[in-house]
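Hydrogens, waters and symmetry mates are skipped; everything else that's a heavy atom, side chains included, is used.
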Amino acid sequence: MPAASAADLLTWYDRHRRALPWRALPGEQPDPYRVWLSEVMLQQTTVAAVKPYFEKFLTLFPDVTALAAAPEEAVMSAWAGLGYYSRARNLHACAKAVAAAGAFPETEEGLRKLPGIGAYTAGAIAAIAFDQPAAAVDGNVERVMSRLHAIETPLPAARAQIRLLTQGLVPTRRPGDFAQALMDLGATLCTPKRPACALCPWMLPCRARAEGLQETFPRKLKKEKGALRRGAAFVALRAGDEAILLRTRPAEGLLGAMAEPPTSPWLPDYDPAKGLLDAPLDARWKRLPGLVKHVFTHFPLELTVFLARVGAGTAAPEGMRFTPRDGLDAEPLPGVMKKVLAHALAGPAPLASAAPKPPPEPDLATPAEPEAPQRRKPIPKPASSRPSDLARIVKKAPKPVRSR
């Protein structure tokens, strides 16, 4: 069986490379800011999901200096919906560190010292942006290398071995293109299911394909599903300006520093029937039918939504704020909270003080329409002069016989 060759992979990449907004064209010098931004966004997120966020960030923050100078709220708002929000906080902290230093470090060691940059991200930036012979091992690369060498050790225990094998293939020439070629190979041909082995430049040296077991790699330990958690969310809509009550979650922990309508604790044994005990203010809360369901990495969540319309002069409780509905786009609302608001605002909001509507007054200026004439009843049919059927079947009495 022949050995895998970096040259074969690069020849394939030159013909089939993906056109991505953060990727430099052949012959262009990669922009470290674009490479870093894209690699942070692509952690645990698909290319299709990242593209619009990447373009939005470049519009708002065209370089690392602009990103470093931006308020944290603006960064979190631009990130809202992309998930894994600790990445956004680390991104902002990293931008400040790079702006203070004047440039990105060019080595893996220097990059690893920056906030939010781990082994993979450091290797990718070093290879792609600075042409360093570094290995960049993401999920796509793990799959390719596991199949290429038929690695029986399950993930995550196999990661150290995969990294060593990948590093051994990195060429001294074009290490950045090699890193991107491996990513493209895993994303387009060496896919999790039904890999296109016949088109792969490493078809012959692939041990898993030779054994017909390519779809069984990489080996993985079965993950235990987290317990379902439940909670309540409270959407208060203020009369007059249609503002919605929001608060900011603590900086540390799940959805840190993101905005949300006030919620209860999320617990496996939470009882929604007692949800009003967690309401942020006194109001005529209405429990909405249905649930808002969301799946986080470690557990699924079900939220019962309560809705209330409060008076125009209602003040926000301490630590909370009323945000006008047309200003929600500027709030760093995560996906689950956008679901809550969509669920709450889909129908008419309850009134702050419901009063029966008086009957409408008659319109005396408009003459009433004349009543339509009644239809005549159908004329009954005359009784038939034909003998009845009963009369036809009755036999006539015989005539008396005359005697002689």
Looking only at heavy atoms, which two atoms of [X] and [Y] are closest? And how far apart?
X    : Y    : value
M320 : P262 : SD-CG, 3.7 Å
P261 : V340 : CG-CG1, 4.0 Å
P105 : L111 : O-CD2, 3.4 Å
P2   : P205 : O-CB, 2.9 Å
A283 : V310 : CB-CG1, 3.9 Å
A80  : K338 : O-NZ, 3.9 Å

Are [X] and [Y] close enough that some pair of their side-chain heavy atoms sits under 4.5 Å apart?
X    : Y    : value
P317 : L245 : yes
V336 : L303 : yes
W202 : L185 : yes
F306 : V235 : no
T248 : R321 : yes
W22  : L42  : yes
Y13  : F178 : no
D131 : P175 : yes

Within the side chain of [X], is there an N or O that forms a donor-acceptor pair under 3.5 Å with the backbone of [Y]?
X    : Y    : answer
Q167 : P133 : yes
R23  : R18  : yes
R230 : P272 : no
S77  : E73  : no
H298 : A227 : no
T59  : E55  : yes
T304 : A232 : no
K51  : P21  : no
R287 : L307 : no
R143 : P218 : no

Point to revise | Lys NZ or Arg CZ of R238 over F322 ring: under 6.0 Å, within 45° | key: yes

Exercise for review: May I ask you to establish whether R147 and F217 are in a cation-pi arrangement, using a distance under 6.0 Å from NZ or CZ to the six-membered ring centre and at most 45° from the ring axis?
Suggested key: no

Review point. Given the rule in the side chain to side chain contact (heavy atoms under 4.5 Å, CB included) test, do R34 and L58 qualify, once you have shown the distances and angles that lead to the verdict?
Key: CA-CA 8 Å; R34 284 172 166 254; L58 285 186; 3.4 Å; yes

Any donor-acceptor N or O pair under 3.5 Å, side chains [X], [Y]:
X    : Y    : result
R87  : T45  : yes
E331 : T323 : yes
Y120 : E39  : yes
Y270 : D278 : yes
T107 : R112 : no

Salt bridge flag under 4.0 Å for residues [X] and [Y]:
X    : Y    : value
E215 : K193 : no
R163 : E108 : yes
E242 : R309 : yes
D14  : R17  : no

Practice item. Evaluate side chain to side chain contact (heavy atoms under 4.5 Å, CB included) for L301 paired with K293, printing each intermediate quantity in order. Key: CA-CA 6 Å; L301 174 68; K293 299 181 180 182; over 6 Å; no

Exercise for review: May I ask you to check whether F57 and F54 place their ring centres under 6.0 Å from each other?
Suggested key: no

Review point. Does the gap between the ring centers of W285 and F234 come in under 6.0 Å?
Key: yes

Practice item. Could you give me the CA-CA distance, side-chain angles and deciding distance for W79 and Y53, then say whether ring-ring contact (aromatic ring centres under 6.0 Å, His included) is met? Key: CA-CA 7 Å; W79 191 277; Y53 283 91; 7.4 Å; no

Practice item. I would like to know whether R219 and T216 meet side chain to side chain donor-acceptor pair (under 3.5 Å); could you show each step before the answer? Key: CA-CA 7 Å; R219 309 292 200 213; T216 68; 2.8 Å; yes

Practice item. Start with the C-alpha gap between L255 and F296, add the side-chain angles, then the distance that decides, and say whether side chain to side chain contact (heavy atoms under 4.5 Å, CB included) holds. Key: CA-CA 10 Å; L255 305 181; F296 292 100; 4.1 Å; yes

Review point. Are more than 12 heavy atoms from other residues, nucleotides or ligands located less than 6.0 Å from atom CD of E152?
Key: yes

Using 0.5 Å steps for rounding, measure from the [atom1] atom of [X] to the [atom2] atom of [Y].
X    : Y    : atom1 : atom2 : result
T188 : L199 : OG1   : CG    : 9.0 Å
L155 : Q161 : CG    : CD    : 10.0 Å
E260 : M258 : CD    : CE    : 10.5 Å
D184 : N140 : CG    : CG    : 8.5 Å
L228 : D269 : CG    : CG    : 11.0 Å
S38  : Q43  : OG    : CD    : 10.0 Å

Point to revise | The single option from D8, L10, L9 passing side-chain contact (heavy atoms from CB on, under 4.5 Å) against W12 | key: L9

Exercise for review: Quickly, which of V292, L291, T263 forms a side-chain contact (heavy atoms from CB on, under 4.5 Å) with V305? Name it, please.
Suggested key: V292

Exercise for review: Might you work through the side chain to side chain contact (heavy atoms under 4.5 Å, CB included) test for V64 and L37, ending with a clear yes or no?
Suggested key: CA-CA 9 Å; V64 70; L37 180 60; over 6 Å; no

